Amino acid sequence: MPSQITVSAPGKIIISGEHAVVHGYPALVTAVDKRIKLYVSTLTKSFSVDPLSSKKFVRESITTLRNYINSPFGKLNIVINSDIPIGRGMGSSAAYAVAISKALLLMSGKNSGSENTSKLAYELEKKYHGNPSGVDISISTMGGVLWFRKETEDFKIFSRVDIKQRLPELFLYDTGKPEETTKETVGHVSELLKKSPSKIDKVFREIEKVSRGLLEYITRQKNYDLGSLLQTNERLLEELGVVSPSTKLLIRSIENMGGVAKITGGGGLKKASGMILIYHPVRDKLVNFAEKRKLRLNVVKFGAKGVTIEK
Ligand code: PMV
């Protein structure tokens with residue numbers, strides 16, 4: 001059993017299906033090249049966490065995991081290094097949950113295969129999010145691109161997706177950290193579903209159609225217009241009320257110059273809505289638009305590897 005280990009896990013982008021996935025509809029999701037890296041060691045006399053600001057959060061997660069792993073792992077020194085933006089819909093908390101679960105399973109000599117790691121990480125994710133679909137945990141564990149569906153609380157299915165299409169460049173822009181947590185935006189949609197079940201179920205079914213279209217597009221089974229699929233997805237998310245007024249305004253101005261954009265992840269209701277995913281058929285037009293408005297764009301790289309033990 002190792003007494004020190006470094007584990008890394010990726011963040012993610014939901015290409016289509018966020019929110020609907022909580023209610024049993026599928027999602028298309030990719031791991032991205034932003035990772036959390038955890039160095040965990042038992043060669044220590046006291047519990048320590050770097051950065052110190054994460055100590056309370058880490059302590060709580062260890063307490064939860066101890067109950068499941070059922071093995072004493074003594075005092076821990078944990079150093080966290082992450083370039084996944086926090087609270088922006090890129091799965092930072094799930095990546096942490098996956099990395100710490102994998103590290104502690106390994107250090108206590110337990111089976112740390114992907115099924116066990118993701119099961120354990122899911123228990124932790126429930127602590128932060130209440131009713132997560134598990135899509136963030138699965139993609140951070142498995143990496144690549146996945147088609148995912150939560151059938152029941154304990155039964156989730158997914159399939160690896162091979163990208164057969166040379167995808168055009170997609171960009172991310174950070175509208176800022178939403179005031180609401182993912183737990184709150186998920187709660188907001190669940191309330192809407194309770195109030196107007198047939199209307200919201202219809203929105204979810206439409207989202208599923210878009211997700212299937214995107215799946216068929218990237219696996220080259222059918223020739224769809226990527227822009228209109230993403231735009232439809234955004235409109236449906238707006239119907240769920242998870243896109244803030246200022247983010248809608250920005251997305252409308254992207255549409256006015258020929259592009260499309262959608263939120264990705266939980267979104268945000270009042271002010272910011274986290275990351276938005278942007279596509280423009282004429283790349284340079286988007287780049288000029290962003291330069292003029294001083295918007296920092298990042299290119300999305302699809303299909304990063306899942307949780308990994310680092311040398
Ligand atoms: O905002 P994030 O990165 O936690 O993504 C959440 C995705 C949701 O579909 C809104 C919630 C879930 O558990 O699937």
Side-chain angles (χ1 to χ4, degrees), residues 9-32 34-36 57 82-99 118 121-142 146-158 172 174-193 200 203-204 207-208 210-211 214 233-234 236-244 247 262-269 271-277 300 304:
K12 64 99 211 317
I13 287 292
I14 297 188
I15 305 165
S16 179
E18 50 274 269
H19 286 291
V21 70
V22 174
H23 303 278
Y25 293 83
L28 183 62
V29 59
T30 180
V32 293
K34 300 247 174 268
R35 302 185 81 81
I36 189 168
F57 170 76
S82 176
D83 58 6
I84 309 171
I86 295 174
R88 303 307 207 269
M90 291 190 69
S92 59
S93 67
Y96 167 78
V98 168
S118 60
Y122 183 61
E123 293 307 321
L124 205 49
E125 183 80 340
K126 281 198 276 191
K127 288 258 163 197
Y128 327 130
H129 286 329
N131 180 28
S133 63
V135 66
D136 291 16
I137 296 292
S138 293
I139 191 68
S140 190
T141 307
M142 304 303 298
L146 293 182
W147 178 259
F148 173 97
R149 190 195 284 266
K150 174 184 182 178
E151 298 292 344
T152 68
E153 184 60 25
D154 300 319
F155 191 75
K156 300 167 193 91
I157 51 175
F158 55 76
L172 285 175
D174 185 2
T175 68
K177 189 169 180 193
E179 272 184 10
E180 305 81 10
T181 60
T182 298
K183 187 174 180 175
E184 287 163 345
T185 62
V186 166
H188 164 83
V189 174
S190 298
E191 278 304 309
L192 285 186
L193 180 64
I200 301 302
V203 174
F204 290 159
I207 291 178
E208 172 162 359
V210 172
S211 304
L214 284 161
N233 197 170
E234 167 61 21
L236 293 163
L237 288 161
E238 288 177 17
E239 282 188 47
L240 296 179
V242 292
V243 188
S244 72
T247 304
K262 70 172 280 275
I263 61 145
T264 174
L269 279 61
K271 291 194 172 144
S273 304
M275 290 290 172
I276 57 171
L277 185 64
V300 186

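Numbering of ligands and ligand atoms starts at 1, following listing order. Remember, predicted model here, so these are calculated numbers, not experimental data.
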For a 4.5 angstrom cut-off between non-hydrogen side-chain atoms, does Thr247 reach Ile276?
yes

Short N or O distance, Gly266 and ligand 1, threshold 3.5 Å exclusive
yes

Quick test: of every protein heavy atom, which one is nearest to atom 7 (C) of ligand 1, and how far off is it to 0.1 Å?
Ile14 CD1, 3.7 Å

Looking only at distances, please establish whether an N/O atom of ligand 1 is found under 3.5 Å from an N/O atom of Glu18.
no

With a 3.5 Å distance limit and no angle check, can you tell me whether Ser140 reaches the backbone of Pro10 through a side-chain donor-acceptor pair?
yes

Are the side chains of Thr30 and Ile139 in touch, meaning some heavy atoms are under 4.5 Å apart?
no

Distance from atom 4 (O) of ligand 1 to nearest protein heavy atom, with residue and atom:
Thr182 OG1, 3.2 Å

Could you tell me the residue and atom name of the protein heavy atom closest to atom 12 (C) of ligand 1, and the distance to it rounded to 0.1 Å?
Ser133 OG, 3.4 Å

Considering only the protein, which heavy-atom contact is closest to atom 9 (O) of ligand 1, and what is its distance?
His19 N, 3.0 Å

Minimum side-chain heavy-atom gap Glu18-Asn233 below 4.5 Å:
yes

According to the interplanar angle, ranging from 0 to 90°, do the rings of Phe57 and Tyr96 count as parallel (below 30°), tilted (30 to 60°) or perpendicular (above 60°)?
tilted

Numbered atoms and elements of ligand 1 in range of Met90, under 4.0 angstrom, heavy atoms:
3 (O)

Does Ser211 form a side-chain contact (heavy atoms from CB on, under 4.5 Å) with Trp147? I'd like the steps, not just the answer.
CA-CA 9 Å; Ser211 304; Trp147 178 259; 3.9 Å; yes

Please state which part of Thr185 comes within less than 4.0 Å of ligand 1, counting heavy atoms only: side chain, backbone, both or neither.
neither

Does Arg149 form a salt bridge (charged side-chain N to carboxylate O under 4.0 Å, His left out) with Glu208? I'd like the steps, not just the answer.
CA-CA 11 Å; Arg149 190 195 284 266; Glu208 172 162 359; 3.3 Å; yes

In terms of relative ring orientation, are Phe148 and Phe158 parallel, tilted or perpendicular, with 30° and 60° separating the classes?
parallel

Between Asp136 and Lys12, does any NZ, NE, NH1 or NH2 come within less than 4.0 Å of an OD or OE carboxylate oxygen?
yes

Just which atoms of ligand 1 are under 4.0 Å from any heavy atom in Gly265?
1 (O), 5 (O)

Could you give me the CA-CA distance, side-chain angles and deciding distance for Val186 and His129, then say whether side-chain contact (heavy atoms from CB on, under 4.5 Å) is met?
CA-CA 9 Å; Val186 166; His129 286 329; over 6 Å; no

Would Gly91 count as a polar contact of ligand 1, with the cut-off being nitrogen or oxygen pairs under 3.5 Å?
yes

Proximal atoms of ligand 1 relative to Gly89 (non-hydrogen, under 4.0 Å):
1 (O), 2 (P), 3 (O)

Is the shortest N/O to N/O distance between Asn131 and ligand 1 below 3.5 Å?
no

Can you list the ligand 1 atoms lying under 4.0 Å from a non-hydrogen atom of Val21?
9 (O), 14 (O)

Are the side chains of Glu234 and Ile263 in contact, using a 4.5 Å heavy-atom criterion?
yes

Can you sort out which atoms of ligand 1 are near Val135, meaning under 4.0 Å from one of its heavy atoms?
14 (O)

Among the heavy atoms of Lys12, does any lie under 4.0 Å from an atom of ligand 1?
yes

With a cut-off of 4.0 Å, which atoms of ligand 1 are near a heavy atom of Asp136?
2 (P), 3 (O), 4 (O), 5 (O)

Using a 4.0 Å cutoff against the non-hydrogen atoms of Pro132, which atoms of ligand 1 qualify?
13 (O)

